Number of protein chains: 2
Amino acid sequence: MAPMKNASPVGDIQSAIRAAGARVTPARVRALAALRAASSPQTHAEIEETLAQEAHPAIDRVTLYRVLDWLCSAGLAHKAADARGVFRFSAAQPNVEHAGHVHFRCTGCGGVFCLKSPPPPAPALPRGFRLGGMALDIRGECPRCVRAHS
Amino acid sequence: MAPMKNASPVGDIQSAIRAAGARVTPARVRALAALRAASSPQTHAEIEETLAQEAHPAIDRVTLYRVLDWLCSAGLAHKAADARGVFRFSAAQPNVEHAGHVHFRCTGCGGVFCLKSPPPPAPALPRGFRLGGMALDIRGECPRCVRAHS
DNA sequence: ATTGCGGATGCAATTTTGTTGCATTAGTGC
DNA sequence: GCACTAATGCAACAAAATTGCATCCGCAAT
């Protein structure tokens, strides 16, 4: 099993959730704790199984989906599809500002890494086009997957 | 819709399939032709819809899955999960380099436009990371949708 | 503490995406 | 043309993710 190294104090988790302007519920606390304790990006099923072994009341499948999506929209987690096409969730590293830099997505494990590089300037658009948003998607393999793959 | 510029001669496709040591069937020819004509990696559903509009007998959903997987195992196509977790297929050995320009996706009509702008330089990666690909996804509205929307 | 509001949850049902089994069809070499 | 078998089509299945709605509970005002 994955070693549980980075267990966050419950207080940190609660204040992180509260700081995002939402209610502190068991589902959110436990899901975020599981994400932070995990040593690699987890699928919904893996998180569900982890939480099921916790001697607390089980969390509904759908609720877990919604909690995970909320964590992402709150900036507390990242969501990315792995090589099999299933979503993997990982805890966002605290103290990192997520505007103004680029994300690297590992196609092997689905992990998201923050690069120091600033985002590129928007290219010139032809007449009439209206710019909505821009996403520089860098894909590749993280060091661990590079080793495991060979 | 995306313009169909890069249609391969049917003979090329047939010999490519034959060279892979397999039978030349309508499903394989049409699927590979659709992939080569596409201006961006296509999902199974998109390819299916494209082929359905072709006034030929429809190709079964499962057959298309198997054909696409076969094209990949034969080295004629590539398969990769996109950000939504859906597999996208693209023709291998592209005569058209799709790494040499940027795509603009209209959030209104879903159309994809190829911009002339060169892609930004790849940011420096930390040690151990292997760069797989880079996609600058620009979203917004195309001129027609800008007019229709206001 | 009590109460009320609305966000959060649980449950059922549905959609989307992809796979497996098997009988039938059709491409290819002869 | 004929036979052999890869390839197809159909049905059923399975996994992953979403939607609708009634109920519950965190939390702030009282």
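In what follows, chains are A, B, ... by sequence order, proteins preceding strands, each numbered from 1. Everything numeric here is computed off the predicted structure, so don't read it as measured data.
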key: Side chain of T25(A) - closest among dG26(D), dA12(C), dG18(C)   = dG26(D)
remark   = Considering only heavy side-chain atoms of R28(A), the closest of dT8(D), dT18(D), dT9(C) is dT9(C)
In whole Å, what is the span from the [atom1] atom of [X] to the [atom2] atom of [N]?
{"X": "I17(B)", "N": "dA6(D)", "atom1": "CD1", "atom2": "P", "result": "17 Å"}
{"X": "D82(B)", "N": "dA16(D)", "atom1": "CG", "atom2": "C1'", "result": "14 Å"}
{"X": "R30(A)", "N": "dG10(C)", "atom1": "CZ", "atom2": "P", "result": "9 Å"}
{"X": "D69(A)", "N": "dT19(D)", "atom1": "CG", "atom2": "C1'", "result": "13 Å"}
{"X": "R84(B)", "N": "dG18(C)", "atom1": "CZ", "atom2": "P", "result": "10 Å"}
{"X": "H56(A)", "N": "dT9(C)", "atom1": "NE2", "atom2": "P", "result": "15 Å"}
{"X": "D60(B)", "N": "dA11(D)", "atom1": "CG", "atom2": "P", "result": "9 Å"}
{"X": "L68(A)", "N": "dA16(D)", "atom1": "CG", "atom2": "P", "result": "14 Å"}

message = Closest-nucleotide mapping onto DNA chain C: is I59(A) or P26(B) further toward the 5' terminus? I mean the 5' end.
response = I59(A)
task = Select from Y65(B) and R18(B) the residue whose nearest nucleotide in DNA chain C is closer to the 5' end of that strand.
result = Y65(B)
request  = Report yes or no: do L71(A) and Y65(A) belong to one cluster of Ile/Leu/Val/Met/Phe/Trp/Tyr joined by side chain heavy-atom distances under 4.5 Å?
outcome  = no
query = Is it true that F89(A) and V86(A) fall in one hydrophobic cluster, defined by side-chain heavy atoms closer than 4.5 Å?
reply = no
Within less than 4.0 Å of OP1 or OP2 of [N], is there a side-chain N or O belonging to [X]?
{"X": "R66(A)", "N": "dT9(C)", "value": "no"}
{"X": "R23(B)", "N": "dT8(D)", "value": "no"}
{"X": "R61(A)", "N": "dT9(C)", "value": "no"}

task = Taking the side chain as every heavy atom from C-beta outward, state whether Q14(A) and V29(A) have any atom pair closer than 4.5 Å.
result = yes
Min side-chain heavy-atom separation S40(A)-R144(A) under 4.5 Å = yes
task = Describe, in one word, how the ring planes of F129(B) and F104(A) are oriented to each other, choosing from parallel (under 30°), tilted (30 to 60°) and perpendicular (over 60°).
result = perpendicular
query = Looking across every strand, which nucleic acid part, if any, lies under 4.0 Å from V62(A) by heavy atom: base, sugar-phosphate, or nothing?
reply = base
message = Using a 4.0 Å heavy-atom cut-off, does A22(B) contact any base of the nucleic acid, only the sugar-phosphate backbone, or nothing at all?
response = sugar-phosphate
